[in-house]
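Below is one structure, written out as C-alpha cells; comments come after it.
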Amino acid sequence: MPINKSEKIWFNGELVPWDQAKIHVMSHVLHYGSSVFEGIRCYDTRQGSAVFRLRPHVRRLFDSGKIYRMEIKYTPEQIEQAILQTIRANKLPACYVRPLVFRGYDSIGVDPRNCPVEVVIATIEWGRYLGQEAIENGVDVCVSSWNRMAPNTFPAMAKMGGHYANSQLMKMEALINGYSEAIALDVNGYVSEGSGENIFIIRDGVITTPPLGGSILSGITRDSVMQIIKGLGYELREQLIPREALYLADEVFLTGTAAEVSPIRTVDRISVGSGKRGPITASIQKEFFGIVTGELEDKYGWLTPVNK
Ligand code: PPE
C-alpha cells in the first residue's frame, strides 16, 4: 500500500512534521529488527471519529515491550492520549494508527540495552487490506511453504518487528504465486495464522480458531470476534486445527486490524464450502461493521471518541 503522508508524527513526546521524523542508519532497530509496534484503526462512525479498542492495543504494545525488555518511558495512559492527539492533529476522520517503539542509536552489537527506547506514533490512510472485493467476495489463499515460528524461538505474543521477517517470506511467496494471502502451519503442522491475520474455520455451525499456543499473535480483532460469536450464540472452540480442516470447512475467515473480517473463498485452489462468503461469516461481519460504523450500538464498549 503506498503511503499517503500525514501532517505530523508524534516523536518522543512531540508532534513533528512528517518529513522530519527521521532516525540514524546505525540505529539498533535497523540492524537487528528491535522494535515492537501496534496497528490500530480509527473509524469514521456516525457519532464521529472513534478509535477501536484503544486500551487493549496499548496494553499489548507494553506487553510486547516487556517481553523484549524495552522500557517505555511513558505510561499507557500517556500513550493513549498521544494516539488521540496525533489523530486530531492529522485531521483524518478515519485512519490506521501505527505506534512504534524501537531501539535507537547508541552502540553496535546484538546487546540492545544501551540503545535508547524511542517511541513514534504515525497515522496513515489505509483502506481495505486485502482489496476492495475481499470483504464481500472473499480471498484466495494458500498454505505457506514457510512454517510459523516454533514456540521458544520467537515469542509470538509479542508484536515485534523482527518477527515479521517470517510474515514477509509468507506474503511474498503467496502474492508471487497468485494468492492474496498465505496461512502458515505451526511447527507441528497445525494451522496457525496468516502473515498478518488470525483465522477462524466453521463446520456444521461450530466455529474453531487456533489456541495461543499455536504460535499466533493474540489478535485484538480475534478477541472482538470471539465476543461477537458468543453474543450471537454460536459454539466456539479454541483448538488445534489440522491443515485439511481448511479444505473441509463450510466457511473460513481471517481477522485483523488491517484485514478486519475477511472471508476466504479458496485454500490451495480448493473451494471453501460454496466458494462464496457463508452465512455465519456474514452475520459476524454485520455485527463487526455495524459497531465500527456506529450503525449498531457499541455494546461491548470498544470505541473511544477522538474528540471529547
Ligand atoms: N497475526 C499477525 C501475524 C498479525 O500481524 C496481525 C495484525 C494479527 C494476527 C491480527 O491482530 P489484530 O490486528 O490485533 O487483530 N497485523 C497488523 C499488521 C498488518 C501489516 O501488514 O502491517 C494489522 O492488522 O494491523
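Ligands are counted one by one from 1 in listed order, and the atoms in each one are counted from 1 as well. The chain is numbered in sequence order, starting from 1.
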Under 4.0 Å to a heavy atom of Trp126 - the qualifying atoms of ligand 1, by number: 20 (C), 21 (O), 22 (O)
Which residue and heavy atom of the protein sit nearest atom 15 (O) of ligand 1, plus the separation: Thr221 OG1, 2.5 Å
Arg98, portion touching ligand 1 at heavy-atom distance under 4.0 Å: side chain
Atoms of ligand 1, numbered as shown, that sit under 4.0 Å from any heavy atom of Arg148: 3 (C)
Numbering as shown, the atoms of ligand 1 that approach Gly256 to under 4.0 Å (heavy-atom distance): 10 (C), 13 (O), 15 (O)
Plane angle bin for His24 and Tyr105 - parallel if under 30°, tilted between 30 and 60°, otherwise perpendicular: tilted
Closest protein heavy atom (residue, atom, distance) for atom 17 (C) of ligand 1: Lys159 NZ, 3.2 Å
Asn166, Thr255, Ile220, Leu254: member with heavy atom nearest to atom 14 (O) of ligand 1: Ile220
Taking atom 1 (N) of ligand 1 as the reference point, the nearest protein heavy atom with its distance: Glu193 OE1, 2.6 Å
Atom indices of ligand 1 within 4.0 angstrom of Gly219 heavy atoms, with elements: 11 (O), 12 (P), 14 (O), 15 (O)
Numbered atoms of ligand 1 (with element) below 4.0 Å of Ala258, judged on heavy atoms: 23 (C), 24 (O), 25 (O)
Residue and atom name of the nearest protein heavy atom (relative to atom 10 (C) of ligand 1), distance in Å to one decimal: Asn198 OD1, 3.6 Å
Per-atom contacts, ligand 1 versus Tyr96 - under 4.0 Å to a heavy atom: 17 (C), 18 (C), 23 (C), 25 (O)
Arg148 to Tyr190 six-membered ring, cation-pi geometry met (6.0 Å, 45°): no
Region of Ser195 that comes within reach of ligand 1 [heavy atoms, distance under 4.0 Å]: backbone
Subset of ligand 1 atoms that lie under 4.0 Å from at least one heavy atom of Gly39: 25 (O)
Chi angles and distances behind the salt bridge (Lys or Arg N to Asp or Glu O under 4.0 Å) call for Arg222, Glu238: CA-CA 11 Å; Arg222 173 182 182 273; Glu238 274 182 89; 2.7 Å; yes
Donor-acceptor contact present, side-chain Asn166 to main-chain Asn147, <3.5 Å: yes
Cation over ring face, Lys171 and Tyr129, 6.0 Å, 45°: yes
Tyr32 and His28 aromatic ring geometry - parallel, tilted or perpendicular at 30°/60° bounds: tilted
Arg60 near ligand 1 by a heavy-atom separation under 4.0 Å: yes
More than 12 heavy atoms from other groups under 6.0 Å of CD on Gln239: yes
